[in-house]
Amino acid sequence: MAGTADYKLGSFTYPRGWFMIADAATLDTGPTTLHFFGKDMVFYRGESGKPHLVHAYCPHMGAHIGHNSTSYVVRDGDRVQGESIRCPFHGWRFGPDGQCDDIPYSPNFIPKAACLKTYRVIERAGIIWMWHDPEGGAPDQELPPFTQWDQEADGWVRWLVDDFGTLPIHPIEIVDNMADFGHMSPIHGSVDCRYFDNLFEDDRLVQRFDAGHRTLTDGASGVLSLDTWYQGPGILQAAMQGAYPSHMLIAHTPVADGVVRLWHALMVKVPRDGGTDEAGRIALARAYQQASRDALGQDVEIWANKEPSFNPMQIPADGPYGKVRIWYRQFYNPREEAEAFRRRVRGQVVTFGEDRASAA
Ligand code: FES
Ligand SMILES: [Fe+2]
């Protein structure tokens with residue numbers, strides 16, 4: 001299995017950024033064990049419903065905080081109290097900041113060092129997101145707002161998350177897709193390509209692509225216009241202008257070095273006054289999502305079966321794979337070194353076509 005060191009990405013095994021860790025609909029109040037970034041973590045909701053994510057192992061003597069069914073702490077329903085979580089072994093309880101706030105058999109002494117590592121999580125657009133930082137710093141990237149989620153009144157149909165499971169591939173090979181002009185026709189069925197470029201903008205990487213499609217556009221003149229962008233290393237969004245506007249998410253998160261978990265989702269704007277009832281609107285949005293999921297599935301079949309590509313053999317007609325990989329390295333190195341990588345790639349690379357305004 002090829003890991004971060006094999007791709008020479010930087011000094012950290014796992015990147016700095018916001019990452020999807022779960023479809024909120026698949027989690028009950030917990031505690032639930034999750035495994036990402038080579039670490040066992042425990043997710044739970046406090047009594048307020050607020051999500052929390054903590055290191056899986058208790059600082060007292062290393063018991064797994066979430067993996068237990070026989071302790072009386074569990075049987076008595078005492079694991080989550082308020083926003084705190086209690087260890088099943090000796091019953092020490094930890095607050096949402098990780099600090100131990102109760103030792104049942106030691107009312108007068110709680111060591112300061114009794115602190116459970118906690119991770120920053122946000123629930124947004126039906127998804128649980130985690131801030132991961134090898135340096136332990138506060139977020140220096142923005143978690144996308146996914147504003148369409150709260151725009152149902154304007155006709156947006158919320159997404160259901162598609163889980164592609166884990167793939168034995170380093171996420172760099174997924175990010176390579178941003179420069180991959182050459183796979184658009186053989187993999188995705190694009191025809192009559194008109195335009196393809198990339199914009200490198202600090203922690204954002206954009207791809208703009210205009211082309212027809214074998215099945216998704218009607219008639220030879222139909223053009224699908226796609227704006228796709230990464231915000232940080234693990235969250236891809238795409239705005240597609242077709243018969244209905246849609247907003248796509250592809251999220252990928254390292255599980256271990258060289259193993260990645262992949263999700264997909266799509267929101268579609270279907271007008272309420274378009275002559276379709278509510279069930280019809282939802283059905284249409286689901287059909288759109290299915291088509292989008294199938295397109296990603298075409299990439300996934302390649303990713304699941306390929307060998308690692310440490311140095312893509314880039315020809316002049318290819319997109320800027322090399323620059324994409326330099327851009328991506330900013331997340332695998334200390335934040336004060338990020339600017340050096342950004343500077344090397346900042347700007348626009350047009351791979352195909354002339355001016356987009358006239359092309360689109
Ligand atoms: S190991 Fe958790 S309370 Fe002792
Ligand atoms: Fe693709």
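Just so you know, ligand 1 is whichever comes first in the structure, and atom 1 is the first atom listed for that ligand. Predicted model, so just to flag it, every value in this text is computed and none were measured.
- To the nearest 10 degrees, the Fe ion (ligand 2) sees OD1 of N177 and OD2 of D299 at an angle of 110°.
- Here H35 pairs with D40 under the side-chain hydrogen bond (donor to acceptor under 3.5 Å, both in side chains) rule; sequence neighbours left out.
- Because its NZ or CZ atom is both nearer than 6.0 Å to the ring centre of Y72 and within 45° of the ring axis, R75 counts as a cation-pi partner of that residue.
- Applying the side-chain contact (heavy atoms from CB on, under 4.5 Å) test between Y44 and each of I65, T32, V80, D28 identifies V80 as the sole match.
- Annotation: F146 is in aromatic contact with W159 [ring centroid separation under 6.0 Å].
- For P88 against S71, the heavy-atom pair with the smallest separation is O-OG, 2.8 Å.
- Results of the ring pair (Phe, Tyr, Trp, His ring centres under 6.0 Å) test with F19 over F37, W129, F36, W131 single out F37 as the only residue that passes.
- Counting only distances under 2.8 Å, and ignoring water, the protein N, O or S atoms around atom 4 (Fe) of ligand 1 are H60 ND1, H90 ND1.
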